Amino acid sequence: GESVGLHLPTLSVQEGDNSIINCAYSNSASDYFIWYKQESGKGPQFIIDIRSNMDKRQGQRVTVLLNKTVKHLSLQIAATQPGDSAVYFCAENGNYGGSQGNLIFGKGTKLSVKP
Amino acid sequence: NAGVTQTPKFQVLKTGQSMTLQCAQDMNHEYMSWYRQDPGMGLRLIHYSVGAGITDQGEVPNGYNVSRSTTEDFPLRLLSAAPSQTSVYFCASSSTGGGEKLFFGSGTQLSVL
């Protein structure tokens, strides 16, 4: 899951296993959530998004689950591959503070896939 | 389709120097923004623009200026660089606004000595 500080939480999985990356978001008024993948030296790349009127959305090998009651978001990656190794960020469309109407990002989780 | 293009990819500055980070997009997106990314941190919003001629401050705007004279370009200016501005900078754009899916550039890694 997300955390504060300089050290990213790391999730280490075996190739072929399923991965679950968790994220706690801040604002109950947020109605759009998104996951990005960032490989070393590259910009964030869109994976999947979900609106607050949905609990689950599936893409190719990925599923996002939204639990509004506890303000929790998760990304599930099926049959994890070495190419999935990256840092994963969740974001919400917060409407508070200096980021009104803009995406607010979590601090990321590093996924390492062992061959 | 190039998407969002940032230049330069790497830059080293001395404290007090000025420079401009360039960002251009060819998707005709009205919304553009700048984020900075520090080790172990998420992306933090510096400035954003909802269209040509309109800019606004994000979460961490101090020390940075922006302008938006065209839809395509959104440069970020550091007037007097400080070591605290050492970071990786990402430009992003969107067709539907800042609270929706953003398309990111590949980043500029800036070191201020």
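Keep in mind that this is a model prediction, so the values were computed, not measured. Naming convention: chains lettered A, B, ... in sequence-line order (proteins, then strands); numbering from 1 in each chain.
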message = Using a 4.5 Å heavy-atom cutoff, which residues in residues 99-113 of chain B come close to chain A?
response = B:Gly99, B:Glu100, B:Lys101, B:Leu102, B:Phe104, B:Gly105, B:Ser106
query = Do A:Asp55 and A:Lys68 come within less than 4.5 Å of each other through their side chains, counting heavy atoms only?
reply = yes
ask   = Counting N and O atoms only, with roles assigned by atom type, does the side chain of A:Asn93 sit under 3.5 Å from a partner on the main chain of A:Asn102, one being a donor and the other an acceptor?
value = no
note = Within residues 8-23 of chain B, the residues sitting under 4.5 Å from chain A by heavy atom, in sequence order, are none
message = In the structure I gave you, are the side-chain heavy atoms of B:Tyr48 and B:Thr55 within less than 4.5 Å of one another anywhere?
response = no
message = Under 4.5 Å between side-chain heavy atoms, counting indirect links through other Ile/Leu/Val/Met/Phe/Trp/Tyr residues: same cluster for B:Val66 and B:Val50 or not?
response = no
inquiry  = Any non-hydrogen side-chain atom of A:Asn18 less than 4.5 Å from a side-chain atom of A:Gln76?
reply    = no
task = For the residue pair A:Gln60 and A:Val62, establish whether any side-chain heavy-atom pair is separated by less than 4.5 Å.
result = no
query = Of all the residues in residues 68-81 of chain B, which have a heavy atom that comes within less than 4.5 Å of a heavy atom in chain A?
reply = none
key: Interface residues of residues 82-93 of chain B facing chain A - heavy atom cut-off under 4.5 Å   = B:Phe90
query = So, does B:His47 use its side chain to make a donor-acceptor pair with the main chain of B:Gly58 at under 3.5 Å?
reply = no
Any donor-acceptor N or O pair under 3.5 Å, side chains A:Ser12, A:Ser112 = no
query = About how many Å separate CG of B:Asp38 and NZ of A:Lys107, when rounded to the nearest 0.5 Å?
reply = 11.0 Å
query = Is it true that a side-chain atom of A:Arg51 and a backbone atom of A:Phe33 form a donor plus acceptor pair closer than 3.5 Å?
reply = no
request  = Look at the side-chain heavy atoms of Ile, Leu, Val, Met, Phe, Trp and Tyr, link any pair under 4.5 Å apart, and say whether A:Ile50 and A:Leu65 land in one connected group.
outcome  = no
note = Taking every heavy atom of A:Gln81 against every heavy atom of A:Val113, the minimum-distance pair comes out as O-CG2, 3.4 Å
request  = Compare all side-chain heavy atoms of B:Met27 with those of B:Ser95 and state whether any distance is below 4.5 angstrom.
outcome  = no
query = What part of A:Gln45 is in contact with chain B, defined as an atom under 4.5 angstrom from a non-hydrogen atom: side chain, backbone, both or neither?
reply = neither
inquiry  = Quick check for you: to the nearest 0.5 Å, what is the distance between A:Tyr25 atom OH and A:Asn67 atom CG?
reply    = 7.5 Å
note = On a heavy-atom basis, the closest approach of B:Ile46 and B:Tyr35 is CD1-C, 3.9 Å
message = Show the nearest heavy-atom pair for residues A:Phe89 and A:Gly106, with the distance to one decimal.
response = CD2-O, 3.2 Å
note = Cut-off 4.5 Å, heavy atoms of chain B, and the answer for A:Tyr36 is side chain
request  = Mind listing the closest non-hydrogen atom pair of A:Glu39 and A:Gly83 along with its distance?
outcome  = OE2-O, 4.2 Å
